[in-house]
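Below is one structure, written out as structure tokens; comments come after it.
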Amino acid sequence: MSVDDETSGWQLTESDPGVFTELLKSLGLPLIVDDLYSLDPESLATLQPLHALIFLFKWIPTSSNSVAPQRAGSDDPDFPGFFAHQVVNNACATLAVLNALGNIPSLNSGPQLADLLQFTAHMDPQTRGLVITSADWLREVHNALSPPSAFSLDGLGLPKKTEDAYHFVVYLPVMGALYELDGLKPYALRHGVYNESGEGWLKIARDVIEDRIKTYPVGALEFNLLALRDDPLPSLQSQLEYYQSIGDTCSTSDILGRITDEISKRERWAFENSLRRHNHVGLVQALLLSLAKAGRLSAAEEGARKALKDRLEQQKARGEDMQED
Amino acid sequence: MSLSIPNSEILLAFKAGRAFRREGSSAVEPSRTKGAIYLTNGDDGLLHFIWVNRETNTIEEDLILFPFDASFLKVSESPGRVYVLKFSSSNQRHFFWLQDASSARDEEFTENVNGLLRDPEFDLRWNVPIASTAPEASAARPSGTSTFQATPDQLATLSQMLSSITGAASGSFCLIYSGVASHTPALEPDVSLIDILTPANLTPLFNNHPELIPALFPQLPPDLPVPPSAEALQRIIHSPQFRAAVSNFDQALRTGLLGGLVRTLGLPEEAGTGVGPFLRAIQEQADRERNNNMDTD
């Protein structure tokens, strides 16, 4: 079912809020993605307005089987929203974002994305996945955040990246119900209607996600939760102006602190994204050359030899342990 | 002068002559010939125990040693500074006597020889700093004159002489097998660039050699949101993105197929055949640039 990653032209990208946010920016959307460290109501409240939760996980197979979650949801072949199948593994992060974006009402997107969403509106999930992953402009936006291939590693027989094993599931509200969109499943999963009052869809989403996490044996699941939300900066800036105008110094300094945090986070993302796009081979050579000029290269090499030896000994020790078992 | 055997292959060297057991007796008689013992990490990746005749500049003994097979012991029955190289896999004995003017460091040499005989990657231990200008070299694999008790000229002569006989050693040559092939150091994986470009190695470099930092700036990402600085470099070398790039390059180098790429870096094609050759090419580049600077000064 999947298109071969090596021929698809889609490169592997990191699953990081900074990468997702850069993608959203390239798509011309006033949205950001933040890490979510807790599902408790207070944490979620500070991130409102929240459009979707992206559950990103790597399942490590263990001997014990996972139990079926109690809140598995039900297949909805008549899902009224936007759902595309994941047909290219490396595109999975971008596809998850699109599955979320395609269901945000009155999304203020740029013309290219609007055209793509409209063009695929009445397609079945499989065709939609194929059409999306054959959009050259989207692939270019996606690939812009992966390292440049200074040297082609294809055909060198290198081991596959572990990120390949990551899987993305999107939880979001569509027409009054919570849905789970998993590009590897045939249908959208419906988790039932939610109450608009109070926390709304997030209350069901929390229960569903926590239930899902519990179904995996301890240690068998590495996961990350991301929140797709409005860019808070414009709103914070207008709040700042308001509090300044009424002379509320306490609220003003509180808002200023939050703006400072947001800006330093953006600076960090920009820094990391510039590193992601960069070819570091020249820097590697220059650093080694500096070590050599300072007369420190052979000492560093010796240290590396010792580190290697220690690793080999540890491996050997582990191997012997396993034989004893 | 260009030496085809890089000094970096020399692990340890000290002056020693040979000694021979007198026919029909257990007495050992030192030969007056001046010589030196060399322990080298040959380009075959194996530990070589070499005895060089310093009078004729020839290698008269070139023994390939496998870990734990040999030991270098003082012959306590002999009144002089006589040592024997014994093998656990055979009855072979090779006798030597130390010729360094002072016997003060005999024990250190012996300990270091045995360290290397047990493990070719043994960290040499010295009681006194060898080069006062670079005390950290004492813990390091020597890359030059640091462990040799002779003058740089003598060392150069020896190195040149070693290089003239690469591979085809004269005199006796014996290969002692010990255990299975997987024990040979040649089959062990090469060091990793990830273990070399560590913050622990780079931070003291940035702190102690600020003059080397500006040369790194052209290699930083052009769209870095902060101005190039030592602090930005610190952030970069700690970043998972940089670490991942180093690891990818390291893996690619291990395929031995990067000859074309390293040429674009101004290095000889041979540097693209592995991590070790790449590091040697960088060291040579540094030496060359240093010499050029000395010429122009």
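It should be emphasised that the depicted structure is a prediction, and the values quoted were computed from it without experimental measurement. In what follows, every chain begins at residue 1, and chains take the letters A, B, ... in the order their sequences are listed. Every heavy atom of this structure was used, including side-chain atoms; hydrogens, water molecules and symmetry mates were not.
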Is there a side-chain contact between [X] and [Y], using heavy atoms and a 4.5 Å cut-off?
X        : Y        : answer
A:Arg296 : B:His209 : yes
A:Leu283 : B:Ile236 : yes
A:Phe271 : B:Asp223 : no
B:Phe249 : A:His280 : no
B:Leu220 : A:His278 : no

Name the region of [X], side chain, backbone, both or neither, that has any atom closer than 4.5 Å to a heavy atom of chain A.
X        : answer
B:Ser192 : both
B:Asn208 : side chain
B:Leu193 : side chain
B:Leu279 : both
B:Pro204 : both
B:Ile194 : neither

Q) Which members of residues 268-277 of chain B, sorted by number, sit under 4.5 angstrom from chain A on a heavy-atom basis? A)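 Residues in range: none.
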Q.
So, using side-chain contact (heavy atoms from CB on, under 4.5 Å) as the criterion, who are the partners of B:Gln234 when residues are at least two apart?
A.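 Here the qualifying residues are B:Thr203, B:Phe206, B:Ile237, B:His238.
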Q: Only counting residues at least two apart or in another chain, list the ones meeting side-chain contact (heavy atoms from CB on, under 4.5 Å) with A:Ala96.
A: A:Phe168, A:Val170
Pair [X] + [Y], salt bridge at N-O below 4.0 Å:
X        : Y        : answer
A:Lys306 : B:Glu121 : no
A:Lys293 : B:Glu284 : no
B:Asp119 : A:Lys309 : yes

**Q.** Any residue meeting ring pair (Phe, Tyr, Trp, His ring centres under 6.0 Å) with A:Phe20, in chain and number order, not counting sequence neighbours
**A.** none
Q.
Before you tell me yes or no, could you show the steps for B:Ile196 and A:Leu297 under side chain to side chain contact (heavy atoms under 4.5 Å, CB included), namely the whole-Å CA-CA distance, both residues' side-chain angles and the distance that decides it to 0.1 Å?
A. CA-CA 8 Å; B:Ile196 290 175; A:Leu297 184 59; 4.2 Å; yes
